[in-house]
Amino acid sequence: MITIGITGGVGAGKSTVLDFLEQEYQAYVMKADEIGHLVMEPGQSCYEPVIALFGKQVIKNDKTIDRRLVSDVVFSHPDMLEKLNHIIHPAVKEYIRRQLALKKEEGQRICVVEAALLLEDHYEEFCDTVWYIHTDSEIRIRRLMESRGYTREKSMSIIASQAPEEFFRAHTDYVVTNNADLEETWQQIREGIKKYETL
């Protein structure tokens, strides 16, 4: 089984790459963001610790955690964000490890793990290869303005707050350029897979 870690800045089009891997290679895809939401569901490992951290006011009528309220709090309190990350991040990694073990047993050929902070959180520990999805910043700005309705200034400030391209290139094994020509992107993905199919 090959486990591919996928990372890249906001607006790089990581979802496009994930969808292609899923459809073309029947890859099993896990997104750290989605798992972060999952582990906060009632009955899951982070539910009680998050309520203990933020108080009962974050519980909605349906007993789920009000993630918008949580994000409002952490936005203005960096110390709370740090505490939240200490609860969520280890749980997400543990969930991914368990799923990878399960998929290996089931004979899954390719698993893909996507996380914005994949390198910072050392997800490479359980990935055979880490891919960086690169997109020119001008295209990323345009995508953010179109898909999320951000202003140009907001888009630029979000991009500037993330790790620079040099960091990604220095710490990943393979780069997929995802600018505009999808056929070109698909070709790079196929080449990347071919490299590891012999493993």
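What you see below is based on every heavy atom in this structure, not just the backbone, and it leaves out hydrogens, waters and symmetry mates.
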Q | Side-chain donor or acceptor of Arg152 paired with backbone N/O of Ile141 under 3.5 Å | A | no
Q) Can you list every side-chain hydrogen bond (donor to acceptor under 3.5 Å, both in side chains) pair that touches residues 2-21, not counting sequence neighbours? A) none
Q. If only atom types and distance count, is the side chain of Tyr174 paired as donor or acceptor with the main-chain N or O of Gln188 below 3.5 Å?
A. yes
Return a table of donor-acceptor pairs under 3.5 angstrom between the side chains of residues 40-56 and protein atoms on other chains or two or more places apart.
| unit_1 | atom_1 | unit_2 | atom_2 | d |
| --- | --- | --- | --- | --- |
| Tyr47 | OH | Lys63 | O | 2.5 |

Q. Is there side-chain contact between Val29 and Ile6, with heavy atoms separated by less than 4.5 Å?
A. no
Side chains of residues 97-116: which donor-acceptor partners sit under 3.5 Å, not counting sequence neighbours?
| unit_1 | atom_1 | unit_2 | atom_2 | d |
| --- | --- | --- | --- | --- |
| Arg97 | NH2 | Glu125 | OE1 | 3.0 |
| Gln99 | NE2 | Tyr28 | OH | 2.7 |
| Lys103 | NZ | Glu106 | OE1 | 3.1 |
| Gln108 | NE2 | Gln26 | O | 2.9 |
| Gln108 | NE2 | Ile110 | O | 2.9 |
| Arg109 | NH1 | Glu197 | OE2 | 3.1 |

(Q) If the condition is ring pair (Phe, Tyr, Trp, His ring centres under 6.0 Å), which residues does Phe20 pass it with, not counting sequence neighbours? (A) Trp186
Q: Taking salt bridge (charged side-chain N to carboxylate O under 4.0 Å, His left out) as the test, write out the residues that go with Glu153, two or more places apart.
A: none
(Q) So, using side-chain hydrogen bond (donor to acceptor under 3.5 Å, both in side chains) as the criterion, who are the partners of Asp136 when residues are at least two apart? (A) His134, Asn179
Q: Could you grab the distance from atom CD1 of Ile189 to atom OG1 of Thr185, nearest 0.5 Å is fine?
A: 6.5 Å
Q.
My understanding is that only residues two or more places apart in sequence, or in another chain, count here; which of them pass side-chain hydrogen bond (donor to acceptor under 3.5 Å, both in side chains) with Arg142?
A. none
Q: Report the residues that fulfil ring pair (Phe, Tyr, Trp, His ring centres under 6.0 Å) with Tyr150, sequence neighbours left out, ordered by chain and then residue number.
A: none
Q.
Going by side-chain hydrogen bond (donor to acceptor under 3.5 Å, both in side chains), name the residues that satisfy it together with Asp121, two or more places apart in sequence or in a different chain.
A. His89
Quick one: side chains of residues 71-78, donor-acceptor pairs under 3.5 Å with protein atoms, not counting sequence neighbours, listed by atom name and distance.
| unit_1 | atom_1 | unit_2 | atom_2 | d |
| --- | --- | --- | --- | --- |
| Ser71 | OG | Arg68 | O | 3.1 |
| Ser76 | OG | Asp72 | O | 3.4 |
| Ser76 | OG | Val73 | O | 3.4 |
| His77 | ND1 | Val73 | O | 3.0 |

Q) Mind checking what makes ring pair (Phe, Tyr, Trp, His ring centres under 6.0 Å) contact with His171, not counting sequence neighbours? A) Phe167
(Q) Please check: side-chain N/O of Asp66 versus main-chain N/O of Val58, any donor-acceptor pairing under 3.5 Å? (A) no
Q. What's the spacing between Leu144 CG and Ile139 CD1 if we round to 0.5 Å?
A. 12.0 Å
Q: Could you tell me whether Glu82 atom CD has more than 12 heavy atoms of other residues or ligands within 6.0 Å of it?
A: no
Q) Which heavy-atom pair separates Asn178 from Arg143 by the least distance, and what is that distance? A) O-NH2, 3.0 Å
Q. With sequence neighbours left out, what residues match Glu165 under salt bridge (charged side-chain N to carboxylate O under 4.0 Å, His left out)?
A. Arg169
Q. Do Ile158 and Lys154 have side chains that get closer than 4.5 Å, going by heavy atoms?
A. yes
